[in-house]
Amino acid sequence: MTQIFNFSAGPAVLPKEVLQQAADEMLDWHGSGMSVMEMSHRGPEFISIYQQAVHDLRELLNVPDNYRILFLQGGGLAQNAVIPMNMVGRNAQPATIDFVHTGSWSGKSIKEAARYANVNVAASAEAGQFTSVPHQESWKLTRDASYLHICTNETIDGVEFNFVPTVQGDTPIVADMSSHILSRVIDVSKYGVIFAGAQKNIGPAGLTLAIVREDLIGHALPICPSAFDWKLVADADSMYNTPPTYGIYIAGLVFAHLKRQGGVAEIEKRNIAKAELLYAALDADDFYQNRVAQDCRSRMNVPFYLRDESLNEQFLAGAKARGLLQLKGHKSVGGMRASIYNAMSIDGVQSLVDYLNEFAGR
Ligand SMILES: *Cc1c(COP(=O)(O)O)cnc(C)c1O
């Protein structure tokens with residue numbers, strides 16, 4: 001098999017070592033005679049897998065004791081409904097949710113939340129075609145908002161928050177970290193809820209992670225499906241119904257792998273180096289263009305355009321011939337996108353940079 005580098009935005013590249021271990025354990029997990037897929041989620045084998053995964057994630061993100069780690073289903077998108085259904089019940093009705101609109105994903109969150117509460121778009125980067133995070137001084141936050149929702153890394157637009165917002169009073173911040181969780185050190189205590197679909201930096205699609213401060217649990221609206229009621233899920237240690245067991249197992253292998261790499265601080269250093277290498281090649285002259293403001297450029301998702309877009313197909317074909325896969329940009333914005341998640345090696349980024357230089361005739 002020839003060496004390839006997969007720049008997909010998600011589902012995305014996973015560490016080779018993790019896939020190899022999963023392959024080795026596929027038919028017989030630790031002498032149990034069973035595949036993890038075949039185990040009862042209530043049996044001692046799977047419970048140990050689950051507990052280790054939660055333990056390692058808690059350690060990696062330094063999750064405080066008053067936060068619960070929940071494994072859910074439904075993807076990141078379902079959380080756009082699940083979160084309002086679990087949170088607005090704390091407030092007088094109708095509640096208001098504040099949003100900062102920084103791109104495609106926060107846009108989806110706003111639309112979905114509007115079915116459950118009033119939404120206030122406190123700031124929007126739409127006029128600038130989502131190429132920056134609006135400065136906090138310009139945000140028009142609501143007094144007594146139920147919560148403030150932000151998408152801290154816009155996967156399609158390539159815009160990443162480089163700060164944690166300050167909020168009035170005790171308004172919780174809800175952060176969609178789907179595409180950059182575990183890529184940088186974060187202070188969990190600054191957030192009420194952190195959520196992420198697994199298929200970027202964690203594991204297979206289908207698993208959804210929520211890290212929820214305990215006092216926000218227990219307020220679900222009566223219309224909230226019980227499988228998504230944080231209280232029921234938390235009380236059952238994410239086993240209120242059958243959890244995505246294989247996804248949790250792979251996520252656990254990814255967490256253990258990250259720990260062996262030196263944890264999130266170490267991986268963040270590598271991610272900075274990878275991003276700097278790639279942006280430098282894009283910025284070298286005007287053959288390529290990344291339109292995002294320098295201080296908001298994502299370290300994970302790097303959208304770019306060829307100055308001469310008639311070369312797009314030729315660029316992609318040449319990349320594919322070199323084993324550089326899935327570089328086509330999202331259909332809504334066109335152009336190219338290189339996603340360089342935790343599992344993308346610096347060698348992969350270097351190969352892409354070499355190709356960018358060659359294609360530009362440098
Ligand atoms: C991928 C992604 C999601 C999750 O999408 P699903 O397809 O519902 O899992 C949510 N938010 C962001 C920012 C994402 O990148």
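These figures come from a predicted structure and were not determined experimentally. In this chain, residues are counted from 1 in sequence order. Read the numbers this way: they start at 1 and go in the same order the structure lists the ligands and their atoms.
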J.: Among protein heavy atoms, which lies nearest atom 10 (C) of ligand 1, and at what distance?
T.: S178 OG, 3.3 Å
J.: Is it true that R68 and D235 have a side-chain N and a carboxylate O under 4.0 angstrom from each other?
T.: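 Judged by the 4.0 Å cut-off on N to carboxylate O distance, R68 and D235 do not form a salt bridge.
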J.: For the residue pair N91 and A145, what are the closest heavy atoms and their distance?
T.: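 The answer is ND2-O, 4.4 Å.
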J.: Could you tell me whether ligand 1 has any atom less than 4.0 Å away from a heavy atom of I156?
T.: no
J.: With respect to G197, determine whether any N or O atom, backbone or side chain, lies less than 3.5 Å from an N or O atom of ligand 1.
T.: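 The answer is no, given that G197 and ligand 1 share no N or O pair closer than 3.5 Å.
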J.: Describe, in one word, how the ring planes of W139 and F163 are oriented to each other, choosing from parallel (under 30°), tilted (30 to 60°) and perpendicular (over 60°).
T.: tilted
J.: With a heavy-atom distance limit of 4.0 Å, tell me whether Q199 approaches ligand 1 through its side chain, its backbone, both, or neither.
T.: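 Q199 to ligand 1: side-chain contact only, backbone stays beyond 4.0 Å.
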J.: Specify the protein heavy atom at minimum distance from atom 11 (N) of ligand 1: its residue, its atom name, and the distance to 0.1 Å.
T.: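 Here the nearest protein heavy atom works out to D176 OD2, 2.6 Å.
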J.: So which bit of T155 gets within less than 4.0 Å of ligand 1, heavy atoms only: side chain, backbone, both or neither?
T.: side chain
J.: Relative to ligand 1, is C151 under 4.0 angstrom through side chain, backbone, both or neither, heavy atoms considered?
T.: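 Within the 4.0 Å criterion, C151 contacts ligand 1 through side-chain atoms alone.
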J.: Tell me: protein heavy atom nearest atom 8 (O) of ligand 1, and distance?
T.: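 The protein heavy atom lying closest is L77 N, 2.8 Å.
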J.: Considering only the protein, which heavy-atom contact is closest to atom 5 (O) of ligand 1, and what is its distance?
T.: W105 CH2, 3.4 Å
J.: Report, as yes or no, whether the 6.0 Å neighbourhood of atom CG on D65 holds more than 12 heavy atoms from other residues, nucleotides or ligands.
T.: no
J.: If you compare all heavy atoms of V233 against all heavy atoms of S226, which two are closest, and at what distance to 0.1 Å?
T.: CG2-O, 4.5 Å
J.: Going by the atom numbers of ligand 1, which of them fall below 4.0 Å from some non-hydrogen atom of S179?
T.: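 Heavy-atom distances to S179 below 4.0 Å select 15 (O).
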J.: How far apart are the closest heavy atoms of V133 and C296, and which atoms are they?
T.: N-SG, 3.5 Å
J.: Under 4.0 Å from a heavy atom of G75: which atoms of ligand 1 are those, numbered in the order shown and with their elements?
T.: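 Listed by number with element: 8 (O), 9 (O).
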J.: When the aromatic ring centroids of Y355 and F315 are compared, is their separation below 6.0 Å?
T.: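 Under 6.0 Å, so yes.
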J.: Side chain or backbone, does A78 bring an N or O within less than 3.5 Å of an N or O on ligand 1?
T.: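 A78 vs ligand 1: no N/O contact under 3.5 Å.
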J.: Does a side-chain N-to-carboxylate-O contact under 4.0 Å join R270 and E266?
T.: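 Between E266 and R270 there is a salt bridge, with a charged N closer than 4.0 Å to a carboxylate O.
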J.: Only one of S179, S178, S183 clears side chain to side chain donor-acceptor pair (under 3.5 Å) with N153; which?
T.: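 Considering S179, S178, S183, a side chain to side chain donor-acceptor pair (under 3.5 Å) with N153 is found only for S179.
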J.: Report yes or no: does G10 have a heavy atom closer than 4.0 Å to ligand 1?
T.: no
J.: Distance under 6.0 Å and angle within 45° of the ring axis: does K200 meet both against W105?
T.: yes
J.: I need the contact type for N153 against ligand 1. Using non-hydrogen atoms and a strict under-4.0 Å cut-off, is it side chain, backbone, both or neither?
T.: backbone
J.: Applying a heavy-atom cut-off of 4.0 Å, say which part of K200 lies close to ligand 1: side chain, backbone, both or neither.
T.: side chain
